[in-house]
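Data block below; observations after.
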Amino acid sequence: PPPTDMETPPPLEPGSTVAVCRPATVPVAGGYPDHLTELGFDRLRSFDLDPVALDSLTADKQELYDHPQRRARELEEAFRDPDIDGIVAAIGGDDQIRILKHLDPRVIAENPTRFYGTSDNTSFAAFCRAHGVVSFYGGTLFTDVCEPGGINDYTREYLERAFFDESL
């Protein structure tokens, strides 16, 4: 059973650094166009956040798939890094479940950091929950943040709450 004492990581603040990563691979030939990543980063900046790309964001899809342990290490490093205040998944992908056996649960529990993602990122969110750390369902870069036509008012309001509120 999950711990009864859940820890909500500290909220982001204006100017906070958020790492953007791909803890899963997705079947997109050639990856995502650079302009979509830049759009997502610009929109994160509209929340007064400072996005930084982790290596997985631009890594070769086959390379990511072949090395789930590398994606697990990257997530752990982001949780450990005192300069990273939040972590945003770029996209989901059902193979994310393959990273779970490579994660050290102590790293997540001892370094609670806000993690944002939807869809297949639920597997990592469940991992966090199982180890006493609250994560946030929402904020995936290529879907929620890069909505066509701009972030709608509803999404913006609830992303702001997930980013900046002490507790939800």
Side-chain angles (χ1 to χ4, degrees), residues 8-61 63-65 70-72 74-96 99 108 111-129 133-168:
T8 301
L12 304 179
E13 298 178 2
S16 285
T17 299
V18 292
V20 180
C21 63
R22 279 177 45 197
T25 60
V26 292
V28 176
Y32 287 91
D34 290 340
H35 78 276
L36 193 57
T37 300
E38 284 308 311
L39 173 64
F41 276 40
D42 285 345
R43 289 188 179 167
L44 286 173
R45 289 182 194 108
S46 78
F47 289 96
D48 199 16
L49 297 173
D50 180 24
V52 295
L54 298 185
D55 291 342
S56 63
L57 187 60
T58 57
D60 176 75
K61 182 184 75 136
E63 180 75 13
L64 286 178
Y65 182 82
R70 193 173 300 159
R71 289 180 276 146
E74 181 181 71
L75 265 178
E76 290 174 353
E77 289 170 17
F79 270 78
R80 273 192 205 101
D81 189 333
D83 295 328
I84 293 177
D85 305 302
I87 302 166
V88 174
I91 195 73
D94 64 0
D95 89 306
Q96 185 190 92
I99 72 170
I108 307 308
N111 302 281
T113 303
R114 290 198 176 204
F115 176 82
Y116 304 91
T118 56
S119 186
D120 295 312
N121 289 291
T122 302
S123 61
F124 181 66
F127 182 89
C128 290
R129 180 176 183 265
V133 178
V134 171
S135 65
F136 296 82
Y137 192 82
T140 302
L141 189 75
F142 293 141
T143 54
D144 301 317
V145 177
C146 286
E147 287 183 29
I151 300 174
N152 69 51
D153 292 341
Y154 178 88
T155 301
R156 178 166 288 284
E157 175 184 347
Y158 285 93
L159 282 176
E160 284 177 352
R161 289 178 63 188
F163 290 151
F164 302 113
D165 281 3
E166 183 68 35
S167 131
L168 304 173

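Positions are given from 1, in the same order as the sequence printed here. All of these numbers come straight from a predicted model, not from anything done at the bench.
Side-chain contact between Asn121 and Phe115 is present, with heavy atoms from C-beta onward closer than 4.5 Å. Residues Val20 and Leu57 form a side-chain contact, since some pair of their non-hydrogen atoms from C-beta on lies under 4.5 Å apart. With contacts defined as side-chain heavy-atom distances shorter than 4.5 Å, the pair Ser123/Phe127 does not qualify. You'll find the side chain of Pro9 reaches within 4.5 Å of the side chain of Val134, heavy atoms only. Residues Arg156 and Ser46 have side chains in contact (heavy-atom distance under 4.5 Å, counting atoms from C-beta outward). Counting heavy atoms from C-beta outward, Ser16 and Leu49 have side chains that approach closer than 4.5 Å.
Around the CG atom of Asp153, the shell of radius 6.0 Å holds no more than 12 heavy atoms that belong to other residues, nucleotides or ligands. More than 12 heavy atoms of other residues, nucleotides or ligands sit less than 6.0 Å from atom CG of Asp60.
Of all heavy-atom pairs between Cys21 and Ile87, the closest is SG-CG2, 3.8 Å. Minimum heavy-atom separation, Pro23 to Ile99: O-CG2, 3.8 Å. Annotation for Gly93 and Ala24: closest pair O-CB, 3.3 Å, computed over non-hydrogen atoms.
Once rounded to the nearest 0.5 Å, the distance linking CZ of Phe79 with CD1 of Ile108 reads 4.0 Å. Atom CD of Gln96 sits about 7.5 Å away from atom CG of Leu75, to the nearest 0.5 Å. A distance of 11.0 Å separates OG1 of Thr8 from CG of Asp165, quoted to the nearest 0.5 Å.
When the side chain to side chain donor-acceptor pair (under 3.5 Å) test is applied to Arg43, no partner is found at least two apart in sequence or on another chain. Contacts of Arg80 classified as salt bridge (charged side-chain N to carboxylate O under 4.0 Å, His left out), with partners at least two apart in sequence or in another chain: none. The side chain to side chain donor-acceptor pair (under 3.5 Å) test applied to Ser56 returns Glu74, not counting sequence neighbours. The side chain to side chain donor-acceptor pair (under 3.5 Å) test applied to Glu63 returns Arg70, not counting sequence neighbours. Take Asp81 and apply the salt bridge (charged side-chain N to carboxylate O under 4.0 Å, His left out) test, not counting sequence neighbours, and it matches no residue.
Using a distance-only test at 3.5 Å, with no hydrogens or angles considered, a donor-acceptor pair links the side chain of Arg114 to the main chain of Ala162. Looking only at distances, a side-chain donor or acceptor of Asp85 sits under 3.5 Å from a matching main-chain atom of Thr17. Here the side chain of Arg22 pairs no donor or acceptor atom with the backbone of Ala90 at under 3.5 angstrom.
Aromatic ring orientation, Tyr158 versus Tyr154: tilted (interplanar angle from 30° to 60°).
Taking the centre of each ring, Phe47 and Phe164 stay at or above the 6.0 Å mark.
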Walk me through it: do Asp95 and Arg71 pass the test side-chain contact (heavy atoms from CB on, under 4.5 Å)? CA-CA 11 Å; Asp95 89 306; Arg71 289 180 276 146; 2.9 Å; yes
Dump the intermediate steps for side-chain contact (heavy atoms from CB on, under 4.5 Å) on Tyr116 and Leu12, then the final yes or no. CA-CA 12 Å; Tyr116 304 91; Leu12 304 179; 3.8 Å; yes
For Phe163 and Leu44: C-alpha separation, side-chain torsions, deciding distance, then whether side-chain contact (heavy atoms from CB on, under 4.5 Å) applies. CA-CA 10 Å; Phe163 290 151; Leu44 286 173; 4.1 Å; yes
Return a table of donor-acceptor pairs under 3.5 angstrom between the side chains of residues 136-145 and protein atoms on other chains or two or more places apart.
| unit_1 | atom_1 | unit_2 | atom_2 | d |
| --- | --- | --- | --- | --- |
| Tyr137 | OH | Ser119 | N | 3.1 |
| Thr140 | OG1 | Thr118 | N | 2.7 |
| Thr140 | OG1 | Thr118 | OG1 | 2.8 |
| Asp144 | OD2 | Gly139 | N | 2.8 |
| Asp144 | OD2 | Thr140 | N | 3.0 |

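Residues Asp42 and Arg45 are paired through a salt bridge, judged by an N-O separation under 4.0 Å between the basic side chain and the carboxylate.
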